[in-house]
Amino acid sequence: MNNELERELGWDDTIEKENEFIILPAGDYNFTVTNFERGRHNGSAKLPACNKAVIDIAIEGPKGKTVIKHNLFLHTTTEGMLSNFFTGIGQKKKGEPLKMNWGQVVGSKGKCKVSIHKWISNNTGEELEGNQIKTFYAPENAGTPTQNQAPVNQQQTQYQQQPANQQNQAPFPTTPPQQNNGGYQPGAF
């Protein structure tokens, strides 16, 4: 790994680093989630418009480290894929409901099945290929947090403090639900 700090380049800077695009052979790999971004799917023939999470999955392969961008769509038709991911990082136990805890995603580790996806470029007509995640495997002790991950209390609120790199993003949902609690206003104890 290069220890040089990332920085903006000037117009007259000298460059030397080459872009090395590594395609992993199909197979099973250990991974670390290195980034998570909130996004929006605009809708398609297969899936209506919905929120989406774009997850960076870092994998150390035989030829070096590569990062696979993986989309998780927040829609009932893809709920099984969400469960597969959260089970794979140790937040969800098989057969039990889970309130998704996005604040615990970055740094999570697990194991996944990687395949090679081939397609034809609309611009050049040439066949291209890249990696994609086919599935996430449940840890041996499903529900037990994986390395570098704090245990998840399923009764935590969805409005907890976001990590420093996500503090400017609104949590899902963006407004707390209104409750009729007989005029009771919670206060600090």
Validation row: [X], [Y] side chains within 4.5 angstrom (heavy atoms):
X	Y	result
Thr66	Tyr29	no
Cys50	Thr78	no
Val33	Phe85	yes
Asn131	Ile116	yes
Arg40	Asn51	yes
His41	Asn71	no
Lys52	Leu47	no
Leu128	Lys118	no

Over 12 non-hydrogen atoms of neighbours within 6.0 angstrom of CD in Glu79: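 Not more than 12 within 6.0 Å, no.
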More than 12 heavy atoms of other groups within 6.0 Å of Lys113 NZ: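 Counting other residues, nucleotides and ligands, NZ of Lys113 exceeds 12 neighbours.
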Contacts of His75 that satisfy side chain to side chain donor-acceptor pair (under 3.5 Å) - sequence neighbours left out: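 His75: side chain to side chain donor-acceptor pair (under 3.5 Å) contacts with Thr77.
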Between atom [atom1] of [X] and atom [atom2] of [Y], what is the distance when rounded to the nearest 0.5 Å?
X	Y	atom1	atom2	answer
Ile59	Lys111	CD1	NZ	11.5 Å
Cys112	Lys134	SG	NZ	12.5 Å
Ile22	Lys63	CD1	NZ	8.5 Å
Ile57	Asn30	CD1	CG	12.0 Å

If every non-hydrogen atom of [X] is compared with every non-hydrogen atom of [Y], which pair is closest and at what distance?
X	Y	answer
Leu24	Gly61	CD2-CA, 3.6 Å
Thr34	Val106	O-CG1, 3.9 Å
Met100	Leu74	CE-CD2, 4.2 Å
Pro139	Gly90	CG-CA, 4.0 Å

Pair Lys109-Thr32, side chain to side chain donor-acceptor pair (under 3.5 Å): steps then yes or no: CA-CA 4 Å; Lys109 297 178 183 291; Thr32 302; 3.1 Å; yes
CA sep, side-chain torsions, deciding dist, call: Phe31, His70, ring pair (Phe, Tyr, Trp, His ring centres under 6.0 Å): CA-CA 12 Å; Phe31 70 86; His70 184 71; 9.4 Å; no
Trace of the side-chain contact (heavy atoms from CB on, under 4.5 Å) decision for Gln91 with Val105: CA-CA 9 Å; Gln91 276 196 37; Val105 167; 4.3 Å; yes
Whether Trp102 and Phe86 hold their rings parallel, tilted or perpendicular, with breakpoints at 30° and 60°: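 If you compare the ring of Trp102 with that of Phe86, the planes turn out perpendicular.
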